[in-house]
Amino acid sequence: MTEGNAGRAVLSEEARAQVLNAEVARYAQQGWTVQAVSAGQAVVSKVRRMGWFWNTIGVLFTAGLWLIYVIYRALNRKRDTVVITVDAYGQVRRQG
């Protein structure tokens, strides 16, 4: 056992799955999309939002020129991806 897990019991696969499902449900409530779920691991992602207010102001002030940038950004939105894992002691870890 490591120092961080001293005195903690090892969870069964069923209990780990319940912990993982609860964490994935919490992310889903916040608007994340579940990409994949496997034994002890899940991948969730979310599309980044655009600041429409300032982009609209930019389009108005540049007589539509800024619209080229807005269209480019709308078509090529970035995604945030998080890998959620649950270790043998039920501790949730997030990567990404």
Side-chain angles (χ1 to χ4, degrees):
M1 278 190 221
T2 62
E3 286 183 29
N5 295 322
R8 296 182 71 184
V10 176
L11 295 178
S12 67
E13 290 296 322
E14 218 174 271
R16 287 177 60 198
Q18 288 177 351
V19 171
L20 180 64
N21 288 339
E23 190 68 17
V24 168
R26 191 173 67 80
Y27 270 83
Q29 286 177 341
Q30 296 173 359
W32 292 77
T33 304
V34 180
Q35 298 294 319
V37 177
S38 61
Q41 179 176 327
V43 179
V44 294
S45 66
K46 185 177 194 179
V47 176
R48 288 191 183 172
R49 294 185 52 174
M50 287 183 58
W52 287 103
F53 177 76
W54 291 112
N55 283 319
T56 303
I57 299 298
V59 168
L60 294 175
F61 281 136
T62 62
L65 218 60
W66 190 254
L67 190 59
I68 296 168
Y69 173 75
V70 172
I71 291 171
Y72 172 78
R73 286 287 311 265
L75 294 175
N76 297 309
R77 286 193 186 174
K78 294 183 179 183
R79 277 191 176 272
D80 292 328
T81 303
V82 176
V83 178
I84 304 168
T85 56
V86 178
D87 66 6
Y89 300 99
Q91 193 171 23
V92 177
R93 300 184 194 273
R94 294 165 199 86
Q95 299 170 352

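Since the structure is predicted, the reported quantities are computational estimates derived from the model, not experimental observations. Numbers here simply count residues along the sequence, with the first being 1.
- Rounded to the nearest 0.5 Å, atoms OG1 (Thr85) and CD (Gln91) are 9.5 Å apart.
- Under the 4.5 Å side-chain heavy-atom criterion for grouping Ile, Leu, Val, Met, Phe, Trp and Tyr, Ile71 is not connected to Leu65 through any hydrophobic cluster.
- Note on Ile84 and Val19: same hydrophobic cluster, where clusters join Ile, Leu, Val, Met, Phe, Trp and Tyr whose side-chain heavy atoms are under 4.5 Å apart, directly or indirectly.
- Minimum heavy-atom separation, Val47 to Arg77: CG1-CD, 3.4 Å.
- In terms of hydrophobic clustering, with Ile, Leu, Val, Met, Phe, Trp and Tyr side chains grouped at heavy-atom distances under 4.5 Å, Phe61 and Val70 are assigned to different clusters.
- There is no path of hydrophobic side-chain contacts, each under 4.5 Å, that joins Leu60 to Trp54.
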Q | Check against side chain to side chain contact (heavy atoms under 4.5 Å, CB included), Asn55 and Tyr69 | A | CA-CA 9 Å; Asn55 283 319; Tyr69 173 75; 4.3 Å; yes
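- Under a hydrophobic clustering in which Ile, Leu, Val, Met, Phe, Trp and Tyr are joined whenever their side-chain heavy atoms come within less than 4.5 Å, directly or via other members, Ile57 and Leu67 fall into different clusters.
- For Arg49, the CZ atom is loosely surrounded, since the number of other residues' heavy atoms within 6.0 Å does not exceed 12.
- Atom CZ of Arg94 is surrounded by more than 12 heavy atoms from other residues, nucleotides or ligands within 6.0 Å.
- Looking at Leu11 and Tyr89, their side chains never come closer than 4.5 Å, going by heavy atoms from C-beta outward.
- Asp87 CG to Arg93 CZ: the interatomic distance, rounded to the nearest 0.5 Å, is 5.0 Å.
- Inter-residue side-chain proximity for Glu23 and Val86 is flagged as unmet; no heavy-atom pair is nearer than 4.5 Å.
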Determine all donor-acceptor pairs shorter than 3.5 Å in which one atom belongs to a side chain in residues 28-44; sequence neighbours excluded.
from  : atom 1 : to    : atom 2 : distance (Å)
Gln35 : NE2    : Ser45 : OG     : 2.8

